[in-house]
Amino acid sequence: MEKRVDKLTETRVGASRNGELQLGRDPGNMAKPSFEYQDVPGVNPSVVLISPDAGCRRTLRRTIEAQRATILQEFTTYPTYAHLESVLELDCDAFVVEIDSDIDIAMDLVEAVCTRKPLASIMVYSTEGDGDRMVRSMRAGAREFLTGAIPNTVIQEALVRAAARHAQQVKKVSGNTLVFWGAKGGCGVTTLATNFAIALRMETAAEVALLDLNPHLGDVAVLLGLTPRFTVAEALQNAKRLDQEFLSTLVTEHRSGISVLAAPDVYSPSVPIENRTVGKLVDVIRNRYPYVVIDAGRNLGDGAEALLQMANTIYLVTQLDIPALRNAQRVISYLQRTGDQRIELVVNRFDARKSEFDDEQVTKALGLAPKWKIPNDYAAARRSSNAGSPLMQEKSPVAAGLRAMARAASGQPLTGDKKRGFSLFGS
């Protein structure tokens, strides 16, 4: 779990809510306007202020408010990737980010906001006019670099530019992040996640990314018959390089049309798994693909927190046996402490004739009713894994169940006409 947890405060109505610590191109060289925004009818700049340093935050607040600008919200920590969407929803002219408290986290935040909102005005502030910091800020996407005691004319002109860009701003929507999490080992999570990703591609014809977050012993590549050149290990070991361009060099295209970021082919216990790095990886991928399917490893440690917070849907995979159901109950209890409603219970290898538990018993024990039941076809699953050929390539009850899940995930009715004009595997 993240060790640094602080408060997130909102200045508009004096309210506050919890937030977590984690996680602005033309500084000073744009044309100078010949007017001030106070003289422009209808222009009343609004700002989101982000600074973990209380003294610096007070100084910036006074400077901004002296220009008759409105501070919509103040963050007393750098927001996490999990909270990034709520930050982006704030309808403001500019984000002012103080970078001295933790420049690495601050630069990640600036880059994430700029990637999602290309026209956003990010103003970074540092007490020192350091050339290296200015260059880093420019590369991250900041439009203004403010330093020291900010002259009135400088902040005025920066806010004019910010207000003008805000009128053109179009928010980029994040991809749907769908996480498969196993109640215990051997529940078939990788098989379901892998074939579900292909089912999504079949049902939507949209771009789908499949991420194997089992960096030590992942099997997605084996099930798909892939030998990737690069893997998730390179992504996790190069957090500072993570962006869409770097991501494009890491993924492997499968013949079904999905893009795969697989686990390493060689066992390596030294692959770093950190909350912040996992959050950044997921954020970069979901900013590129409309659908991101994640096979969540059981040894993610701190990384599990960011992953589960960022998921749109969590498919908790279990079987109808006591050890799996016991673990499922523990996971559900953990996730629902904060009223989490994103969990969908998936019963894998379901056989009504052999099951010792019915829906009523499962619901009573877990506090959550089964949403999906994937039929037991162990022979087909074993044949598929041995051949490196996806189950979705053949007609089977398992494939039908996964296509129903994919239709629901993409907002389609569970039954309906098969999509025309898209052929899986080129056949």
Side-chain angles (χ1 to χ4, degrees), residues 1 18 82 176-197 199-200 213-214 293-382 391 396-415:
M1 295 298 176
N18 287 333
N176 201 0
T177 306
L178 308 157
V179 174
F180 282 74
W181 185 274
K184 64 181 290 293
C187 281
V189 173
T190 300
T191 298
L192 294 187
T194 301
N195 286 280
F196 174 80
L200 263 179
L213 270 182
N214 295 270
V293 180
I294 300 177
D295 176 8
R298 296 179 53 78
N299 298 309
L300 279 178
D302 287 349
E305 181 182 10
L307 178 63
L308 296 176
Q309 287 178 334
M310 298 173 76
N312 294 102
T313 303
I314 301 168
Y315 296 107
L316 179 59
V317 182
T318 187
Q319 295 179 206
L320 296 184
D321 58 60
I322 293 297
L325 290 174
R326 177 177 178 271
N327 280 359
Q329 191 279 327
R330 295 158 73 186
V331 173
I332 291 170
S333 177
Y334 166 74
L335 292 173
Q336 289 186 335
R337 287 174 191 167
T338 56
D340 202 320
Q341 301 299 315
R342 299 167 299 149
I343 313 166
E344 295 189 7
L345 187 63
V346 182
V347 177
N348 194 26
R349 299 176 187 144
F350 177 74
D351 187 338
R353 297 169 300 176
K354 297 181 180 179
S355 176
E356 299 179 23
F357 307 98
D358 58 26
D359 283 3
E360 184 178 352
Q361 291 173 310
V362 172
T363 303
K364 183 177 181 180
L366 304 186
L368 184 69
K371 175 82 172 183
W372 306 100
K373 296 176 182 176
I374 306 301
N376 184 30
D377 195 346
Y378 185 75
R382 182 176 60 182
L391 280 167
S396 70
V398 174
L402 290 171
R403 292 192 71 160
M405 287 178 64
R407 285 194 290 273
S410 58
Q412 302 178 61
L414 294 185
T415 58

Kindly indicate whether the side chain of Leu345, heavy atoms from C-beta on, has any atom under 4.5 Å from the side chain of Val362.
yes
Quick one: side chain to side chain contact (heavy atoms under 4.5 Å, CB included) partners of Ser333, sequence neighbours excluded?
Gln329
Would you check if Trp372 and Leu192 make a side-chain contact, meaning some heavy-atom pair closer than 4.5 Å?
no
Hey, are the side chains of Cys187 and Asn348 touching, using non-hydrogen atoms and a 4.5 Å cut-off?
no
Phe350 CZ to Asp377 CG distance, which is reported to the nearest 0.5 Å:
14.5 Å
Can you measure from NZ (Lys364) to CG (Asp358) and round to the nearest 0.5 angstrom?
11.0 Å
Lys373: which residues meet the salt bridge (charged side-chain N to carboxylate O under 4.0 Å, His left out) condition with it, sequence neighbours left out?
Asp359
In this structure, CG of Leu320 is separated from OG of Ser355 (nearest 0.5 Å) by 4.5 Å
Kindly write out the residues that satisfy salt bridge (charged side-chain N to carboxylate O under 4.0 Å, His left out) with Asp321, not counting sequence neighbours, or none if the list is empty.
none
Correct closest heavy-atom pair for Ile374 and Gly401 would be CD1-C, 4.1 Å
With a 4.5 Å limit on heavy-atom distance, are the side chains of Leu308 and Trp181 in contact?
yes
Minimum-distance pair of heavy atoms, taken over all atoms of Pro375 and Val398
O-CG2, 3.5 Å
Could you tell me whether Lys371 atom NZ has more than 12 heavy atoms of other residues or ligands within 6.0 Å of it?
no
Among residues at least two apart in sequence or on other chains, which ones pass side chain to side chain contact (heavy atoms under 4.5 Å, CB included) with Arg330?
Arg326, Asn327
Report yes if the side chains of Phe180 and Phe196 come closer than 4.5 Å at any heavy-atom pair, otherwise no.
yes
So which atom in Val346 and which in Met405 form the shortest heavy-atom distance, rounded to 0.1 Å?
CG2-CE, 4.0 Å
Atom of Gly186, atom of Arg349 and distance for their closest heavy-atom approach
O-NH1, 2.6 Å
Kindly compute the distance separating CD (Glu344) from CG (Leu368), expressed to the nearest 0.5 Å.
9.0 Å
State which residues pass side chain to side chain contact (heavy atoms under 4.5 Å, CB included) with Asn176; sequence neighbours excluded, sorted by chain then number.
Leu178, Tyr291, Asn312
In this structure, CG of Leu391 is separated from CG of Asn195 (nearest 0.5 Å) by 4.5 Å
Could you grab the distance from atom CD of Gln412 to atom CZ of Arg407, nearest 0.5 Å is fine?
7.5 Å
What pair of heavy atoms forms the shortest contact from Val293 to Ala193, and how long is it?
CG1-O, 3.6 Å
Please determine whether side-chain contact (heavy atoms from CB on, under 4.5 Å) holds for the pair Val179 and Tyr315, giving the CA-CA distance in whole Å, both sets of side-chain angles, and the decisive distance to 0.1 Å.
CA-CA 6 Å; Val179 174; Tyr315 296 107; over 6 Å; no
Flag for Asp295-Thr190: side-chain donor and acceptor within less than 3.5 Å
yes
In chain order, what residues pass the side chain to side chain contact (heavy atoms under 4.5 Å, CB included) check against Ala328, with sequence neighbours excluded?
Ala183, Leu316, Thr318, Leu366
